[in-house]
Chemist: 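Next up is a structure, given as C-alpha coordinates.
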Amino acid sequence: MSRIEQRVESPDEVHRPGRWIALSVLVLAVLLVAIDATVLGLATPFLTEDLEPTGTQLLWIGDVYSFVIAGLLVSMGSLGDRIGRKKLLLCGATAFGAVSVLNAYAHTPEMMILARALLGVAGATLMPSTLALIRNLFHDPRERSLAIGIWGAMASAGAAVGPVVGGLLLEHFWWGSVFLINLPVMAVLVVVGAKMIPESRNPAPGPWDLASVALSFIGMIGVVYAIKELAAHGPGWENIAAGIGGVLALCWFVRRQLTLPAPLLDMRLFHHRGFSGAVLADLLTILGLSGLVFFLSQFLQLVQGRGPLEAGLAELPAAVGAVVAGLIAGQAARRFSVRSVVTGGLGAIGLALAAVTLIHKETAYPLLGAVLLVVGVGAGLAFTVTSDVILSSVPKEQAGSAGAVSETAYELGAALGIALLGSIVTGVYQKFDTPQGVPPGPAAAAHESLGGAVEAAHGLPAQQGQALVSAAQESFVEGLGFAAGVGAAVLLATAVAAWFLLRGQKLEDGIVHQ
(Lines give C-alpha, C1' and ligand atoms only; values in the text may rest on other atoms or scores of the structure.)
Protein backbone atom coordinates (compact mmCIF):
# COMPACT_ATOMS: atom_id res chain seq x y z
CA MET A 1 0.00 0.00 0.00
CA SER A 2 1.26 3.53 -0.72
CA ARG A 3 0.96 6.77 1.17
CA ILE A 4 2.31 10.31 0.92
CA GLU A 5 5.63 10.66 2.67
CA GLN A 6 5.24 12.70 5.85
CA ARG A 7 8.76 12.66 7.32
CA VAL A 8 10.24 16.13 7.82
CA GLU A 9 13.85 16.36 6.69
CA SER A 10 16.48 18.63 8.16
CA PRO A 11 17.69 21.65 6.13
CA ASP A 12 21.06 19.95 5.53
CA GLU A 13 19.27 16.88 4.17
CA VAL A 14 16.99 18.88 1.88
CA HIS A 15 19.65 21.34 0.70
CA ARG A 16 22.81 19.26 0.62
CA PRO A 17 25.97 21.42 0.22
CA GLY A 18 27.73 21.00 -3.12
CA ARG A 19 24.69 19.38 -4.75
CA TRP A 20 24.81 21.64 -7.84
CA ILE A 21 28.50 20.90 -8.41
CA ALA A 22 27.69 17.20 -8.08
CA LEU A 23 24.87 17.64 -10.63
CA SER A 24 27.22 19.32 -13.11
CA VAL A 25 29.45 16.23 -12.91
CA LEU A 26 26.52 13.85 -13.38
CA VAL A 27 25.25 15.59 -16.49
CA LEU A 28 28.71 15.27 -18.06
CA ALA A 29 28.19 11.51 -18.06
CA VAL A 30 24.71 11.84 -19.58
CA LEU A 31 25.99 14.19 -22.27
CA LEU A 32 28.76 11.81 -23.32
CA VAL A 33 26.58 8.68 -23.42
CA ALA A 34 24.04 10.54 -25.59
CA ILE A 35 26.76 11.92 -27.89
CA ASP A 36 28.30 8.46 -28.28
CA ALA A 37 24.95 7.08 -29.44
CA THR A 38 24.90 9.43 -32.49
CA VAL A 39 28.47 10.51 -33.20
CA LEU A 40 29.49 7.25 -34.90
CA GLY A 41 27.10 7.80 -37.80
CA LEU A 42 29.27 10.49 -39.38
CA ALA A 43 32.48 8.52 -38.78
CA THR A 44 31.15 5.36 -40.45
CA PRO A 45 32.41 6.13 -44.00
CA PHE A 46 35.95 6.81 -42.69
CA LEU A 47 35.86 3.77 -40.39
CA THR A 48 34.64 1.59 -43.29
CA GLU A 49 37.54 2.70 -45.46
CA ASP A 50 40.09 1.80 -42.75
CA LEU A 51 38.66 -1.42 -41.29
CA GLU A 52 36.89 -2.77 -44.42
CA PRO A 53 34.04 -4.51 -42.54
CA THR A 54 31.45 -6.65 -44.29
CA GLY A 55 27.88 -5.33 -44.48
CA THR A 56 26.83 -7.47 -41.49
CA GLN A 57 29.86 -6.37 -39.44
CA LEU A 58 29.09 -2.73 -40.21
CA LEU A 59 25.53 -3.18 -38.94
CA TRP A 60 26.83 -4.69 -35.69
CA ILE A 61 29.36 -1.87 -35.26
CA GLY A 62 26.49 0.59 -35.50
CA ASP A 63 23.94 -1.28 -33.39
CA VAL A 64 25.70 -3.33 -30.71
CA TYR A 65 26.23 -0.28 -28.44
CA SER A 66 22.50 0.44 -28.14
CA PHE A 67 21.65 -3.30 -27.95
CA VAL A 68 23.89 -3.83 -24.91
CA ILE A 69 22.75 -0.64 -23.17
CA ALA A 70 19.09 -1.58 -23.63
CA GLY A 71 19.72 -5.11 -22.38
CA LEU A 72 21.60 -4.11 -19.22
CA LEU A 73 19.83 -0.96 -17.99
CA VAL A 74 17.40 -2.65 -15.60
CA SER A 75 20.11 -4.95 -14.22
CA MET A 76 22.60 -2.11 -13.72
CA GLY A 77 20.01 0.11 -12.07
CA SER A 78 19.25 -2.66 -9.61
CA LEU A 79 22.98 -3.36 -9.08
CA GLY A 80 23.52 0.32 -8.18
CA ASP A 81 20.72 0.08 -5.60
CA ARG A 82 22.62 -2.83 -4.05
CA ILE A 83 26.33 -1.98 -4.17
CA GLY A 84 26.05 1.83 -4.18
CA ARG A 85 25.18 4.17 -7.04
CA LYS A 86 28.27 6.34 -6.64
CA LYS A 87 30.54 3.29 -6.70
CA LEU A 88 28.83 1.95 -9.84
CA LEU A 89 28.98 5.38 -11.52
CA LEU A 90 32.70 5.89 -10.86
CA CYS A 91 33.59 2.34 -11.93
CA GLY A 92 31.46 2.74 -15.05
CA ALA A 93 33.01 6.12 -15.89
CA THR A 94 36.53 4.70 -15.55
CA ALA A 95 35.60 1.76 -17.78
CA PHE A 96 33.91 4.09 -20.30
CA GLY A 97 37.11 6.11 -20.65
CA ALA A 98 39.33 3.04 -20.97
CA VAL A 99 37.10 1.33 -23.53
CA SER A 100 36.89 4.58 -25.54
CA VAL A 101 40.63 4.19 -26.20
CA LEU A 102 40.00 0.62 -27.39
CA ASN A 103 37.32 1.96 -29.78
CA ALA A 104 39.59 4.69 -31.11
CA TYR A 105 42.47 2.32 -31.92
CA ALA A 106 40.50 -0.74 -33.06
CA HIS A 107 42.23 -2.13 -36.16
CA THR A 108 39.85 -4.95 -37.17
CA PRO A 109 36.03 -5.09 -37.53
CA GLU A 110 35.82 -7.82 -34.85
CA MET A 111 37.80 -5.69 -32.40
CA MET A 112 35.55 -2.72 -33.14
CA ILE A 113 32.37 -4.73 -32.49
CA LEU A 114 33.79 -5.97 -29.17
CA ALA A 115 34.89 -2.45 -28.20
CA ARG A 116 31.43 -1.02 -28.97
CA ALA A 117 29.78 -3.78 -26.93
CA LEU A 118 32.05 -3.08 -23.94
CA LEU A 119 31.28 0.64 -24.30
CA GLY A 120 27.60 -0.29 -24.06
CA VAL A 121 28.24 -2.21 -20.82
CA ALA A 122 29.96 0.87 -19.33
CA GLY A 123 27.24 3.19 -20.66
CA ALA A 124 24.54 1.07 -19.03
CA THR A 125 26.10 1.73 -15.61
CA LEU A 126 26.06 5.51 -16.09
CA MET A 127 22.52 6.48 -17.10
CA PRO A 128 20.40 4.93 -14.28
CA SER A 129 23.08 5.82 -11.72
CA THR A 130 22.93 9.52 -12.62
CA LEU A 131 19.15 9.70 -12.35
CA ALA A 132 19.11 7.77 -9.06
CA LEU A 133 21.82 10.00 -7.55
CA ILE A 134 19.79 13.09 -8.50
CA ARG A 135 16.85 11.59 -6.59
CA ASN A 136 19.08 11.33 -3.51
CA LEU A 137 20.96 14.63 -3.95
CA PHE A 138 17.84 16.81 -4.24
CA HIS A 139 15.24 16.19 -1.58
CA ASP A 140 13.40 19.46 -2.21
CA PRO A 141 10.82 18.64 -4.94
CA ARG A 142 11.21 21.96 -6.79
CA GLU A 143 14.99 21.73 -6.87
CA ARG A 144 14.75 18.12 -7.97
CA SER A 145 12.47 19.11 -10.86
CA LEU A 146 15.03 21.68 -12.03
CA ALA A 147 17.86 19.15 -11.64
CA ILE A 148 15.94 16.54 -13.69
CA GLY A 149 15.22 19.27 -16.24
CA ILE A 150 18.96 19.94 -16.60
CA TRP A 151 19.62 16.18 -16.79
CA GLY A 152 16.96 15.67 -19.48
CA ALA A 153 18.17 18.73 -21.41
CA MET A 154 21.69 17.33 -21.55
CA ALA A 155 20.41 13.92 -22.72
CA SER A 156 18.46 15.61 -25.54
CA ALA A 157 21.25 18.03 -26.35
CA GLY A 158 23.83 15.23 -26.50
CA ALA A 159 21.87 13.35 -29.14
CA ALA A 160 21.57 16.49 -31.29
CA VAL A 161 25.10 17.77 -30.66
CA GLY A 162 26.68 14.41 -31.54
CA PRO A 163 26.59 15.02 -35.33
CA VAL A 164 27.99 18.56 -34.89
CA VAL A 165 30.87 17.39 -32.68
CA GLY A 166 31.53 14.50 -35.05
CA GLY A 167 31.52 16.79 -38.09
CA LEU A 168 34.00 19.21 -36.49
CA LEU A 169 36.39 16.44 -35.39
CA LEU A 170 36.26 14.57 -38.70
CA GLU A 171 37.15 17.71 -40.63
CA HIS A 172 40.45 17.97 -38.71
CA PHE A 173 41.32 14.53 -37.26
CA TRP A 174 40.95 10.77 -37.94
CA TRP A 175 37.78 8.85 -37.06
CA GLY A 176 39.12 7.61 -33.70
CA SER A 177 39.05 11.17 -32.36
CA VAL A 178 35.26 10.92 -31.88
CA PHE A 179 35.97 8.43 -29.07
CA LEU A 180 38.99 10.10 -27.49
CA ILE A 181 36.95 13.19 -26.55
CA ASN A 182 35.46 10.98 -23.81
CA LEU A 183 38.73 10.77 -21.87
CA PRO A 184 39.09 14.28 -20.37
CA VAL A 185 35.37 14.42 -19.52
CA MET A 186 35.45 11.07 -17.75
CA ALA A 187 38.61 12.07 -15.88
CA VAL A 188 36.82 15.17 -14.52
CA LEU A 189 33.78 13.07 -13.61
CA VAL A 190 35.85 10.54 -11.61
CA VAL A 191 38.05 13.10 -9.80
CA VAL A 192 35.29 15.59 -8.92
CA GLY A 193 32.61 12.92 -8.44
CA ALA A 194 34.72 11.03 -5.89
CA LYS A 195 34.77 14.16 -3.70
CA MET A 196 31.40 15.79 -4.34
CA ILE A 197 28.87 12.98 -4.90
CA PRO A 198 27.51 11.27 -1.77
CA GLU A 199 27.04 7.51 -1.78
CA SER A 200 23.51 6.09 -1.71
CA ARG A 201 22.12 2.57 -1.84
CA ASN A 202 19.14 0.50 -0.76
CA PRO A 203 19.78 -0.40 2.93
CA ALA A 204 18.03 -3.79 2.55
CA PRO A 205 18.44 -4.74 -1.10
CA GLY A 206 18.36 -8.53 -1.01
CA PRO A 207 20.46 -10.69 -3.36
CA TRP A 208 21.12 -9.77 -7.02
CA ASP A 209 19.20 -12.46 -8.91
CA LEU A 210 21.37 -13.60 -11.83
CA ALA A 211 18.51 -15.48 -13.52
CA SER A 212 16.54 -12.23 -13.65
CA VAL A 213 19.60 -10.42 -15.05
CA ALA A 214 19.86 -13.02 -17.84
CA LEU A 215 16.14 -12.90 -18.65
CA SER A 216 16.15 -9.08 -18.73
CA PHE A 217 19.20 -9.02 -21.00
CA ILE A 218 17.94 -11.70 -23.41
CA GLY A 219 14.46 -10.19 -23.53
CA MET A 220 15.53 -6.62 -24.23
CA ILE A 221 18.20 -7.65 -26.75
CA GLY A 222 15.68 -9.84 -28.60
CA VAL A 223 13.00 -7.16 -28.78
CA VAL A 224 15.34 -4.30 -29.77
CA TYR A 225 17.15 -6.49 -32.34
CA ALA A 226 13.83 -7.54 -33.90
CA ILE A 227 12.62 -3.94 -34.10
CA LYS A 228 15.81 -2.66 -35.72
CA GLU A 229 16.07 -5.56 -38.19
CA LEU A 230 12.42 -5.12 -39.15
CA ALA A 231 13.13 -1.48 -39.98
CA ALA A 232 16.29 -2.26 -41.95
CA HIS A 233 15.28 -5.40 -43.85
CA GLY A 234 11.55 -5.99 -43.35
CA PRO A 235 10.01 -9.12 -41.79
CA GLY A 236 12.14 -12.26 -41.82
CA TRP A 237 12.25 -15.48 -39.84
CA GLU A 238 15.34 -14.38 -37.89
CA ASN A 239 13.91 -11.11 -36.54
CA ILE A 240 10.48 -12.66 -35.94
CA ALA A 241 12.11 -15.48 -33.92
CA ALA A 242 14.25 -12.96 -32.02
CA GLY A 243 11.18 -10.83 -31.25
CA ILE A 244 9.11 -13.80 -30.04
CA GLY A 245 12.03 -15.08 -27.95
CA GLY A 246 12.55 -11.61 -26.46
CA VAL A 247 8.87 -11.22 -25.54
CA LEU A 248 8.79 -14.69 -23.94
CA ALA A 249 11.94 -13.92 -21.92
CA LEU A 250 10.44 -10.62 -20.72
CA CYS A 251 7.17 -12.36 -19.75
CA TRP A 252 9.20 -14.91 -17.78
CA PHE A 253 11.17 -12.03 -16.23
CA VAL A 254 7.95 -10.31 -15.07
CA ARG A 255 6.54 -13.55 -13.67
CA ARG A 256 9.79 -14.24 -11.78
CA GLN A 257 9.85 -10.71 -10.30
CA LEU A 258 6.36 -11.23 -8.87
CA THR A 259 7.54 -14.33 -6.96
CA LEU A 260 10.90 -13.11 -5.62
CA PRO A 261 11.09 -11.61 -2.10
CA ALA A 262 13.73 -9.11 -3.35
CA PRO A 263 13.04 -8.65 -7.09
CA LEU A 264 15.45 -7.07 -9.56
CA LEU A 265 12.58 -4.73 -10.54
CA ASP A 266 9.53 -4.31 -8.30
CA MET A 267 6.64 -4.81 -10.75
CA ARG A 268 4.23 -3.40 -8.16
CA LEU A 269 5.52 0.04 -9.16
CA PHE A 270 3.41 -0.31 -12.31
CA HIS A 271 0.25 -0.54 -10.20
CA HIS A 272 0.67 3.19 -9.63
CA ARG A 273 -1.27 4.85 -12.48
CA GLY A 274 0.99 7.90 -12.58
CA PHE A 275 4.12 5.74 -12.83
CA SER A 276 2.71 3.60 -15.67
CA GLY A 277 1.35 6.63 -17.52
CA ALA A 278 4.69 8.43 -17.23
CA VAL A 279 6.63 5.41 -18.56
CA LEU A 280 4.28 5.14 -21.56
CA ALA A 281 4.51 8.87 -22.30
CA ASP A 282 8.29 8.71 -21.86
CA LEU A 283 8.62 5.93 -24.43
CA LEU A 284 6.39 7.58 -27.04
CA THR A 285 7.95 11.03 -26.57
CA ILE A 286 11.32 9.61 -27.56
CA LEU A 287 9.69 7.58 -30.35
CA GLY A 288 8.52 10.79 -32.00
CA LEU A 289 11.74 12.71 -31.34
CA SER A 290 14.21 10.05 -32.49
CA GLY A 291 12.19 8.97 -35.51
CA LEU A 292 11.82 12.53 -36.79
CA VAL A 293 15.42 13.61 -36.18
CA PHE A 294 16.80 10.41 -37.76
CA PHE A 295 14.83 10.76 -40.99
CA LEU A 296 15.14 14.52 -41.25
CA SER A 297 18.91 14.01 -41.00
CA GLN A 298 18.75 11.82 -44.12
CA PHE A 299 16.45 14.34 -45.81
CA LEU A 300 18.85 17.22 -45.15
CA GLN A 301 21.88 15.31 -46.48
CA LEU A 302 20.58 13.02 -49.22
CA VAL A 303 17.65 15.05 -50.54
CA GLN A 304 18.72 18.65 -49.98
CA GLY A 305 22.45 17.95 -50.44
CA ARG A 306 23.80 19.42 -47.19
CA GLY A 307 27.15 18.26 -45.76
CA PRO A 308 27.34 16.32 -42.45
CA LEU A 309 28.35 19.37 -40.39
CA GLU A 310 25.74 21.60 -41.99
CA ALA A 311 23.06 18.94 -41.41
CA GLY A 312 24.14 18.57 -37.78
CA LEU A 313 23.93 22.32 -37.26
CA ALA A 314 20.53 22.39 -38.97
CA GLU A 315 19.20 19.97 -36.33
CA LEU A 316 20.30 22.15 -33.39
CA PRO A 317 16.87 23.81 -32.90
CA ALA A 318 15.66 20.46 -31.50
CA ALA A 319 18.41 20.57 -28.87
CA VAL A 320 17.80 24.25 -28.07
CA GLY A 321 14.07 23.65 -27.66
CA ALA A 322 14.65 20.61 -25.44
CA VAL A 323 17.12 22.45 -23.20
CA VAL A 324 14.93 25.52 -22.68
CA ALA A 325 11.72 23.54 -22.17
CA GLY A 326 13.44 21.08 -19.83
CA LEU A 327 14.56 23.89 -17.54
CA ILE A 328 11.05 25.31 -17.14
CA ALA A 329 9.08 22.05 -17.28
CA GLY A 330 8.93 21.46 -13.51
CA GLN A 331 7.79 25.01 -12.80
CA ALA A 332 5.16 24.77 -15.54
CA ALA A 333 3.88 21.43 -14.19
CA ARG A 334 3.39 22.96 -10.74
CA ARG A 335 1.74 26.10 -12.03
CA PHE A 336 -0.67 24.26 -14.33
CA SER A 337 -0.61 20.47 -13.86
CA VAL A 338 1.51 17.44 -14.69
CA ARG A 339 -1.02 16.11 -17.16
CA SER A 340 -1.44 19.42 -18.99
CA VAL A 341 2.33 19.83 -19.49
CA VAL A 342 2.90 16.22 -20.59
CA THR A 343 -0.18 16.26 -22.82
CA GLY A 344 0.90 19.60 -24.29
CA GLY A 345 4.41 18.28 -24.97
CA LEU A 346 3.13 15.12 -26.66
CA GLY A 347 0.62 17.18 -28.64
CA ALA A 348 3.37 19.55 -29.81
CA ILE A 349 5.46 16.62 -31.11
CA GLY A 350 2.36 15.21 -32.82
CA LEU A 351 1.59 18.51 -34.55
CA ALA A 352 5.22 18.91 -35.63
CA LEU A 353 5.12 15.43 -37.17
CA ALA A 354 1.89 16.39 -38.92
CA ALA A 355 3.68 19.43 -40.39
CA VAL A 356 6.37 17.12 -41.82
CA THR A 357 3.71 15.64 -44.12
CA LEU A 358 3.78 18.98 -45.99
CA ILE A 359 7.52 19.14 -46.75
CA HIS A 360 9.02 18.54 -50.19
CA LYS A 361 12.49 18.61 -51.76
CA GLU A 362 12.59 22.41 -52.05
CA THR A 363 11.17 23.14 -48.57
CA ALA A 364 13.05 26.12 -47.14
CA TYR A 365 15.00 25.67 -43.91
CA PRO A 366 12.91 28.06 -41.75
CA LEU A 367 9.99 25.59 -41.84
CA LEU A 368 12.26 22.63 -41.04
CA GLY A 369 13.94 24.58 -38.25
CA ALA A 370 10.55 25.53 -36.79
CA VAL A 371 9.40 21.89 -36.87
CA LEU A 372 12.57 20.76 -35.08
CA LEU A 373 12.22 23.54 -32.50
CA VAL A 374 8.62 22.54 -31.72
CA VAL A 375 9.64 18.87 -31.42
CA GLY A 376 12.46 19.84 -29.05
CA VAL A 377 10.16 21.95 -26.87
CA GLY A 378 7.55 19.18 -26.74
CA ALA A 379 10.13 16.53 -25.87
CA GLY A 380 11.76 18.76 -23.25
CA LEU A 381 8.42 19.34 -21.51
CA ALA A 382 7.11 15.78 -21.67
CA PHE A 383 10.36 13.86 -21.06
CA THR A 384 11.45 16.00 -18.11
CA VAL A 385 8.12 15.85 -16.29
CA THR A 386 7.63 12.12 -16.89
CA SER A 387 11.15 11.41 -15.59
CA ASP A 388 10.32 13.47 -12.48
CA VAL A 389 7.06 11.57 -11.99
CA ILE A 390 8.82 8.20 -12.37
CA LEU A 391 11.44 9.11 -9.75
CA SER A 392 9.07 10.74 -7.27
CA SER A 393 6.65 7.78 -7.49
CA VAL A 394 9.07 5.37 -5.79
CA PRO A 395 10.93 5.27 -2.49
CA LYS A 396 14.50 6.60 -2.58
CA GLU A 397 15.80 3.06 -1.98
CA GLN A 398 14.48 2.00 -5.41
CA ALA A 399 15.66 5.08 -7.29
CA GLY A 400 18.15 3.08 -9.35
CA SER A 401 15.48 0.67 -10.57
CA ALA A 402 13.12 3.55 -11.35
CA GLY A 403 15.87 5.40 -13.23
CA ALA A 404 16.56 2.23 -15.21
CA VAL A 405 12.88 1.97 -16.17
CA SER A 406 12.99 5.57 -17.43
CA GLU A 407 16.16 4.88 -19.41
CA THR A 408 14.80 1.62 -20.80
CA ALA A 409 11.73 3.51 -22.03
CA TYR A 410 14.15 5.98 -23.69
CA GLU A 411 16.10 3.20 -25.46
CA LEU A 412 12.97 1.34 -26.54
CA GLY A 413 11.39 4.58 -27.74
CA ALA A 414 14.45 5.39 -29.84
CA ALA A 415 14.49 1.89 -31.36
CA LEU A 416 10.74 1.90 -32.01
CA GLY A 417 10.82 5.40 -33.50
CA ILE A 418 13.45 4.49 -36.06
CA ALA A 419 12.02 1.01 -36.66
CA LEU A 420 8.30 1.73 -36.97
CA LEU A 421 8.63 4.96 -38.90
CA GLY A 422 11.56 3.44 -40.80
CA SER A 423 9.58 0.43 -41.97
CA ILE A 424 6.91 2.79 -43.32
CA VAL A 425 9.46 5.02 -45.06
CA THR A 426 11.21 1.98 -46.57
CA GLY A 427 7.94 0.35 -47.66
CA VAL A 428 6.82 3.46 -49.56
CA TYR A 429 10.32 4.29 -50.84
CA GLN A 430 10.97 0.92 -52.50
CA LYS A 431 7.93 1.22 -54.76
CA PHE A 432 9.34 4.00 -56.97
CA ASP A 433 9.60 3.34 -60.73
CA THR A 434 13.15 2.89 -62.04
CA PRO A 435 13.91 5.28 -64.93
CA GLN A 436 14.30 3.62 -68.32
CA GLY A 437 17.73 2.31 -69.24
CA VAL A 438 19.07 1.84 -65.68
CA PRO A 439 20.79 -1.60 -65.46
CA PRO A 440 19.38 -4.19 -62.99
CA GLY A 441 22.38 -3.98 -60.60
CA PRO A 442 22.24 -0.22 -59.92
CA ALA A 443 18.41 -0.38 -59.92
CA ALA A 444 18.45 -3.03 -57.15
CA ALA A 445 20.97 -1.02 -55.10
CA ALA A 446 18.84 2.12 -55.53
CA HIS A 447 15.74 0.35 -54.21
CA GLU A 448 17.60 -0.77 -51.06
CA SER A 449 17.99 2.76 -49.68
CA LEU A 450 18.31 6.40 -50.70
CA GLY A 451 22.02 6.25 -49.90
CA GLY A 452 22.27 3.23 -52.23
CA ALA A 453 20.57 5.22 -54.99
CA VAL A 454 23.08 8.08 -54.63
CA GLU A 455 26.01 5.61 -54.75
CA ALA A 456 24.54 3.72 -57.72
CA ALA A 457 24.09 6.96 -59.67
CA HIS A 458 27.86 7.60 -59.57
CA GLY A 459 28.43 4.68 -61.96
CA LEU A 460 25.81 5.80 -64.50
CA PRO A 461 25.82 8.46 -67.24
CA ALA A 462 25.10 11.89 -65.73
CA GLN A 463 21.56 12.30 -67.09
CA GLN A 464 20.54 8.75 -66.23
CA GLY A 465 22.08 9.00 -62.76
CA GLN A 466 20.28 12.26 -62.08
CA ALA A 467 16.96 10.75 -63.16
CA LEU A 468 17.51 7.79 -60.79
CA VAL A 469 18.39 10.02 -57.82
CA SER A 470 15.43 12.35 -58.46
CA ALA A 471 12.99 9.42 -58.57
CA ALA A 472 14.48 7.98 -55.37
CA GLN A 473 14.39 11.35 -53.58
CA GLU A 474 10.76 11.95 -54.48
CA SER A 475 9.84 8.48 -53.23
CA PHE A 476 11.79 9.01 -49.98
CA VAL A 477 10.00 12.32 -49.33
CA GLU A 478 6.65 10.62 -49.99
CA GLY A 479 7.54 7.85 -47.53
CA LEU A 480 8.74 10.38 -44.97
CA GLY A 481 5.45 12.27 -45.21
CA PHE A 482 3.40 9.10 -44.81
CA ALA A 483 5.47 7.92 -41.81
CA ALA A 484 5.20 11.36 -40.21
CA GLY A 485 1.42 11.17 -40.55
CA VAL A 486 1.33 7.81 -38.75
CA GLY A 487 3.70 9.14 -36.07
CA ALA A 488 1.51 12.20 -35.61
CA ALA A 489 -1.56 10.02 -35.05
CA VAL A 490 0.31 7.88 -32.46
CA LEU A 491 1.62 10.91 -30.56
CA LEU A 492 -1.73 12.73 -30.54
CA ALA A 493 -3.48 9.57 -29.31
CA THR A 494 -0.84 9.23 -26.57
CA ALA A 495 -1.46 12.86 -25.58
CA VAL A 496 -5.13 12.00 -25.01
CA ALA A 497 -4.20 8.86 -23.03
CA ALA A 498 -1.73 10.85 -20.89
CA TRP A 499 -4.48 13.32 -20.01
CA PHE A 500 -6.43 10.51 -18.32
CA LEU A 501 -3.54 8.40 -16.97
CA LEU A 502 -1.87 11.36 -15.25
CA ARG A 503 -5.08 12.75 -13.76
CA GLY A 504 -4.40 14.09 -10.26
CA GLN A 505 -0.62 13.43 -10.48
CA LYS A 506 1.52 16.06 -8.74
CA LEU A 507 5.28 16.45 -8.71
CA GLU A 508 5.26 17.19 -4.95
CA ASP A 509 4.02 13.67 -4.18
CA GLY A 510 6.58 11.48 -2.40
CA ILE A 511 5.12 8.00 -2.51
CA VAL A 512 6.58 5.37 -0.25
CA HIS A 513 5.66 1.67 -0.59
CA GLN A 514 5.27 -0.40 2.50
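No hydrogens, no waters, no symmetry mates; every other heavy atom, side chains included, goes into these values.
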Chemist: Quick one: salt bridge (charged side-chain N to carboxylate O under 4.0 Å, His left out) pairs with a partner in residues 69-80, sequence neighbours left out?
Modeler: none
Chemist: Start with the C-alpha distance between Ile21 and Val192, add both sets of side-chain angles, then the distance that settles side-chain contact (heavy atoms from CB on, under 4.5 Å), and finish with yes or no.
Modeler: CA-CA 9 Å; Ile21 297 175; Val192 179; 4.2 Å; yes
Chemist: Please list all pairs meeting side-chain hydrogen bond (donor to acceptor under 3.5 Å, both in side chains) that have one or both residues in residues 89-106, counting only residues at least two apart or in different chains.
Modeler: Ser100-Asn182
Chemist: With Phe253, which residues qualify under ring pair (Phe, Tyr, Trp, His ring centres under 6.0 Å), at least two apart?
Modeler: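 With neighbours one apart ignored, the set is empty.
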Chemist: As a test of understanding, state which of Ile113, Leu114, Leu119 forms a side-chain contact (heavy atoms from CB on, under 4.5 Å) with Arg116.
Modeler: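 The passing option is Leu119.
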Chemist: Do Phe275 and Leu280 touch side chain to side chain, with heavy atoms closer than 4.5 Å?
Modeler: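 Side chain of Phe275 against side chain of Leu280, heavy atoms only: no contact under 4.5 Å found.
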Chemist: Where the side chain of Thr384 meets the backbone of Leu381, is there a donor-acceptor pair that is under 3.5 Å apart?
Modeler: no
Chemist: Leu258: which residues meet the side chain to side chain contact (heavy atoms under 4.5 Å, CB included) condition with it, sequence neighbours left out?
Modeler: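 Here the qualifying residues are Val254, Met267.
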Chemist: Just wondering, do His107 and Met112 contact through their side chains at under 4.5 Å, heavy atoms?
Modeler: no
Chemist: Not counting sequence neighbours, which residues clear side chain to side chain contact (heavy atoms under 4.5 Å, CB included) with Val338? List them please.
Modeler: Ala333, Val342, Val385, Val389, Leu502, Gln505, Leu507
Chemist: For Leu248, what residues pass the side chain to side chain contact (heavy atoms under 4.5 Å, CB included) criterion, not counting sequence neighbours?
Modeler: Ile244
Chemist: Has Ser216 got a side-chain atom pairing as donor or acceptor with Val213's backbone, closer than 3.5 angstrom?
Modeler: no
Chemist: Please enumerate all residues that pass side chain to side chain contact (heavy atoms under 4.5 Å, CB included) together with Glu238, with sequence neighbours excluded.
Modeler: Tyr225
Chemist: For Val375 and Leu372: C-alpha separation, side-chain torsions, deciding distance, then whether side-chain contact (heavy atoms from CB on, under 4.5 Å) applies.
Modeler: CA-CA 5 Å; Val375 167; Leu372 286 162; 5.6 Å; no
